[in-house]
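Here's the structure we're looking at; comments come further down.
For clarity, every value in this text was computed on a predicted model and none was experimentally measured. Only heavy atoms go into these numbers, but all of them, side chains included; no hydrogens, no water, no symmetry mates. Proteins come first, then strands; the chains are lettered A, B, ... in the order of their sequence lines, and each starts at number 1.
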2 protein chains.
Amino acid sequence: MTIQSIQRAAAVLRSFSEIRPELGVTELAAIHDVHKSTISRILTTLEAEGMVSQNSETGKYRLGIGLVGLAGVALGRISVRGAAQPIMSQLVHDIQETSILMVRDGREAVTVEWFGSTQALRYVGWIGRRVPLFCTAGGRILLAWEPFEKQVALMPFLPQKYTESTVIDPQALQKLLAEVKETQIAVVREEFEEGFSSLGAPVRDRHGRVTAALTIAIPSVRLTAENFPTLQAELRLAAQNISAELGYGFGG
Amino acid sequence: MTIQSIQRAAAVLRSFSEIRPELGVTELAAIHDVHKSTISRILTTLEAEGMVSQNSETGKYRLGIGLVGLAGVALGRISVRGAAQPIMSQLVHDIQETSILMVRDGREAVTVEWFGSTQALRYVGWIGRRVPLFCTAGGRILLAWEPFEKQVALMPFLPQKYTESTVIDPQALQKLLAEVKETQIAVVREEFEEGFSSLGAPVRDRHGRVTAALTIAIPSVRLTAENFPTLQAELRLAAQNISAELGYGFGG
DNA sequence: AACATTGTTGCACAATTAGCAACAGGAGGT
DNA sequence: ACCTCCTGTTGCTAATTGTGCAACAATGTT
């Protein structure tokens, strides 16, 4: 028994994205198959609550600053962040590449912490960035230890290709996930973003469950056969150290 | 014309805080003077939307990871962040103290970016942290250039004292805000958190409006008469540089 | 075992919401 | 300047949905 108008409000909020950060009443009404007067009222209410704001020039709406404060409270309960921060900071200092910590949110992975490389050419992340599970290293780490039935249940939701390299064939993906589980490392080369590749390693909680993914995001030109062994070793070690901090008895 | 049930949902979300990250149905019902069955249904709906999650052991609720992704989109539209990041990183590198960028959210200031000092004793911030306007350096920066009537209109909402040093007398505060406006620097010594002080400087947009506050948060033992001139000068310069990036013609 | 407390659920009713229709304002074209 | 089109907003009312009552299920304490 859920409350329909609250569901509608949440659906409206989720309509905004990195790609479509600003939307109009008429657009949202079409997306949700709801009358525009209804959308207008939902947005008016959400604006009063600081969760959206209206661009006075365009009349269109965006997500509002009030969500940031709510997310701050939500982030505060994610204990892996505290454990990971010093370790990630050191990792980035050592390898001079960007490191990102992700957890699962529905059918996506979301960034809950990140430290950026200081090199001029580097990957820039942000807290709250959502990326697909299937074609990112962090996403594959979060999927690889899921029960097979759960992995299969997600296959109908495979997204479009993001790049020429994106793997979207279910069987090929299953194979990749099995390899991730075996090697404990995920490697994604330009499947999600042209020019960038990523490595991922599992972070486990005290029960041994993979609850987060520690990743390195790197301009592809800098991921070579020469430095790959070092990078993946450093990443593994950092992920193991974070897991140990969380109470995982991992060869500690 | 706002939608009451959506307002209620938002009010429930805002009930969670740093201090009270986990709340039960009965507590929330009392806080909001709403029947607990109503609260239970609101929470069930919000949980289905990923905006809260229930602790299976305690039966209580917390804010959920879905809010982080929404906040990520909201953060993406705050252009001051991109301008500020390299400058803040350099500032922290130079002074070895934590720097925080805040914008206003209603009657509070919220952190939209931060870079932490690597010293062992340091201030740790986080994206989405909300702090009172009145007794933090960033908050005072955000208030100081507000029209007098707007400042006065906020006085009834003065919070309780956080520390022995918190200034909550309206007239004393008005005087402090006038000084901030004159000196272009806010200094708060342990008014919000024991052991920590902060300095704030205004960040202006291309229209000249103060739309963000750049701050340094520092263990009070490290803020001395000796280093204060250097710290405030570095902070001013960094804030001016960010403002210039935003198109403010500030003695460029 | 009995009791207290918490979160959940079925039911019915009336309060609130959703959709229709009209409106206000702005942009673009002639 | 006038007209058309499009967008977001608002008054009104019917009916749908949300709310509160009452009961329930589960857990913890004495």
**Q.** Nucleic acid contacts - residues 3-22 of chain B versus DNA chain C, non-hydrogen atoms under 4.0 Å
**A.** B:I3, B:Q4, B:S5

Q. Where the side chain of B:K36 is defined as all heavy atoms beyond and including C-beta, which of C:dG19, D:dT19, C:dT6 is the nearest nucleotide?
A. C:dT6

**Q.** Under 4.0 angstrom between B:Y61 side-chain N/O and C:dT6 OP1 or OP2
**A.** no

Q: Please answer whether the main-chain N or O of A:A84 pairs with a side-chain N or O of A:E113 as donor and acceptor at a distance below 3.5 Å.
A: no

Q. Rounded to whole angstrom units, what separation is found between the CD1 atom of B:I42 and the C1' atom of C:dT8?
A. 15 Å

Q | Separation of C:dT5 C1' from B:K60 NZ (nearest whole Å) | A | 11 Å

**Q.** Base of C:dC20 paired with side chain of A:S37 (donor-acceptor, under 3.5 Å)
**A.** yes

Q: Check the pair B:E193 / B:T163 against side-chain contact (heavy atoms from CB on, under 4.5 Å), numbers first and verdict last.
A: CA-CA 7 Å; B:E193 288 172 279; B:T163 69; 5.7 Å; no

Q: Report yes or no: is the cationic atom of A:R81 (NZ for Lys, CZ for Arg) closer than 6.0 Å to the six-membered ring centre of B:W126, at no more than 45° off its axis?
A: no

Q) Does A:S40 make a side-chain donor-acceptor contact with the base of D:dG8, cut-off 3.5 Å? A) no

Q) Does A:T38 put a side-chain nitrogen or oxygen below 4.0 Å from OP1 or OP2 of C:dT17? A) no

Q) Nearest nucleotide by nearest heavy atom, which residue falls closer to the 5' end of DNA chain D, A:R41 or B:V34? A) A:R41

Q: Report yes if the side chains of A:Q54 and A:Y61 come closer than 4.5 Å at any heavy-atom pair, otherwise no.
A: yes

Q. Expressed in angstrom and rounded to an integer, what is the separation of B:Q54 atom CD from D:dA26 atom C1'?
A. 12 Å

Q: In plain terms, say whether A:R14 and B:E49 are close enough for a salt bridge, that is, a side-chain N and a carboxylate O under 4.0 Å apart.
A: yes

Q.
Can you measure B:L23 atom CG to C:dG7 atom C1' for me and round it to whole angstrom units?
A. 14 Å

Q: Can you tell me the distance, in whole Å, between the CD1 atom of A:I39 and the P atom of D:dT7?
A: 14 Å

Q) With side chains defined as the heavy atoms from C-beta onward, is the minimum distance between A:Q174 and A:M155 less than 4.5 Å? A) yes

Q | A:N55 CG - C:dG26 C1' separation (whole Å) | A | 14 Å

**Q.** Student check: side-chain heavy atoms of B:V124 and B:W114 closer than 4.5 Å
**A.** yes

Q: Find the distance A:H35:NE2 to D:dT7:C1' and express it as a whole number of Å.
A: 13 Å

Q) C:dT5 C1' sits how many Å from B:L28 CG, rounded? A) 16 Å

